[in-house]
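Structure, as structure tokens:
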Amino acid sequence: MPDFQIDPTLYNGRPDDVSGRIPSECAVYDFLDTLDVAYQRLDHEAAPSIEACEGVEERLGAEICKNLFLCNRQKTDFYLLLMPGRKAFRTKDVTGQLGCSRLSFADGEQMQALLHTTPGSASVLGLLFDPDQRVRLVIDRDVMQHEFFACHPCANTSSLRFTVKDMLETVLPALGHEITYVTL
């Protein structure tokens with residue numbers, strides 16, 4: 001994406017000035033800070049797709065995880081699937097392992113209601129806003145095979161990097177959602 005602007009500075013932690021940032025993004029910074037999770041932040045223009053994040057990934061030194069917000073046909077069961085950004089998504093690969101009917105993408109209203117974010121900004125950190133655990137967390141095992149984990153802070157104008165160790169040992173337990181691992 002030739003017009004995609006990235007601030008070249010890799011910041012440690014939250015922005016000094018959060019004015020102009022959305023409340024859910026600020027809540028993510030508060031959450032990570034409360035947990036004493038060290039993270040780096042890269043600010044950039046809105047990233048409309050995982051493909052647009054190539055320069056961000058290069059600067060972060062970590063692959064940004066694809067976060068797919070899915071639901072069943074009845075729109076009663078919701079899933080957040082974390083998978084490597086370059087891996088192809090085929091619903092049958094997931095449904096077979098989850099033992100559920102065919103899944104499709106949930107709509108933006110459901111994403112806003114359950115994860116306090118919008119399409120293009122979905123993140124595992126959005127589970128912070130799902131205390132009733134209506135969203136089932138599903139992670140492709142390949143995501144956890146790297147040193148670093150990268151995602152948006154519920155806003156696609158920044159990207160965060162922290163260790164997979166912190167993700168597994170601190171962030172995910174604090175979010176309180178049971179994890180279902182799959183192999184895609």
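Keep in mind that this is a model prediction, so the values were computed, not measured. Side chains are part of it too, since the values below use all heavy atoms of this structure and drop only hydrogens, waters and symmetry mates. One-based numbering along the sequence shown.
Using a 4.5 Å heavy-atom cutoff, the side chains of Thr180 and Gln97 are not in contact.
In the hydrophobic clustering, where aliphatic and aromatic side chains (Ile, Leu, Val, Met, Phe, Trp, Tyr) are joined below 4.5 Å either directly or transitively, Leu184 groups with Leu68, Leu70, Tyr79, Leu81, Met83, Phe89, Val94, Leu98, Leu103, Phe105, Val138, Val182. In the hydrophobic clustering, where aliphatic and aromatic side chains (Ile, Leu, Val, Met, Phe, Trp, Tyr) are joined below 4.5 Å either directly or transitively, Ile22 stands alone.
Summarising the geometry, atom NE2 belonging to His146 is positioned 14.0 Å from atom CZ belonging to Arg161; distances are rounded to the nearest 0.5 Å. Interatomic distance, Glu45 CD to Gln5 CD, rounded to the nearest 0.5 Å: 5.0 Å. Between Tyr29 atom OH and Thr34 atom OG1 the span is 14.5 Å, to the nearest 0.5 Å. Once rounded to the nearest 0.5 Å, the distance linking SG of Cys154 with CE of Met111 reads 10.0 Å.
The two residues Asp7 and Thr9 have their closest heavy-atom pair at OD1-N, 2.9 Å. Considering every non-hydrogen atom in both Pro131 and Leu128, the closest pair reads CD-O, 4.5 Å. The shortest heavy-atom contact between Ser158 and His44 is C-NE2, 3.3 Å. Of all heavy-atom pairs between Ile64 and Cys53, the closest is CD1-CB, 3.7 Å. In this structure, Ala106 and Cys71 approach most closely via the heavy-atom pair CA-SG, 3.8 Å. Across all non-hydrogen atoms, the minimal contact from Ala150 to Leu60 is CB-CD1, 4.1 Å.
Remark: Gln74 CD is packed, more than 12 non-hydrogen atoms of other residues, nucleotides or ligands lying under 6.0 Å away.
Residues satisfying the ring pair (Phe, Tyr, Trp, His ring centres under 6.0 Å) criterion with Phe149, sequence neighbours excluded, are Phe162. Applying the side-chain contact (heavy atoms from CB on, under 4.5 Å) test to Thr170 and every residue at least two apart in sequence or in another chain returns Leu35, Val37, Asp166. For Ala113, there are no side-chain contact (heavy atoms from CB on, under 4.5 Å) partners at least two apart in sequence or on another chain. Qualifying side-chain contact (heavy atoms from CB on, under 4.5 Å) partners for Arg141, counting only residues two or more places apart in sequence or in other chains: Tyr181, Thr183. By the ring pair (Phe, Tyr, Trp, His ring centres under 6.0 Å) test, Phe148 pairs with no residue at all, sequence neighbours left out.
Hydrophobic cluster membership differs between Leu125 and Tyr11, with clusters built from Ile, Leu, Val, Met, Phe, Trp and Tyr side chains linked at under 4.5 angstrom. Met167 and Val56 end up in different hydrophobic clusters when Ile, Leu, Val, Met, Phe, Trp and Tyr side chains are linked at under 4.5 Å. No single ILVMFWY cluster, assembled from side-chain heavy atoms under 4.5 Å apart, contains both Tyr39 and Leu42. At a threshold of 4.5 Å between side-chain heavy atoms, the hydrophobic network of Ile, Leu, Val, Met, Phe, Trp and Tyr places Ile6 and Leu160 in two separate groups. Under the 4.5 Å side-chain heavy-atom criterion for ILVMFWY residues, a single connected hydrophobic cluster contains both Leu172 and Phe78.
Between the side chain of Glu63 and the main chain of Pro84, no donor-acceptor pair closer than 3.5 Å is present.
Annotation: salt bridge (charged side-chain N to carboxylate O under 4.0 Å, His left out) contacts involving residues 13-22, sequence neighbours excluded, comprise Arg14-Asp30, Arg14-Asp33, Arg21-Glu25, Arg21-Asp43. Under the salt bridge (charged side-chain N to carboxylate O under 4.0 Å, His left out) criterion, the residue pairs touching residues 169-184 are Lys165-Glu169, with sequence neighbours excluded. Listed by first and then second residue, the salt bridge (charged side-chain N to carboxylate O under 4.0 Å, His left out) pairs that reach into residues 79-88 are Glu57-Arg86, Lys87-Asp140, Lys87-Asp142, sequence neighbours excluded. Note on residues 93-102: pairs passing salt bridge (charged side-chain N to carboxylate O under 4.0 Å, His left out), not counting sequence neighbours, are Arg90-Asp93. Residue pairs meeting the side-chain hydrogen bond (donor to acceptor under 3.5 Å, both in side chains) criterion with at least one member in residues 114-135, sequence neighbours excluded: Asp130-His177.
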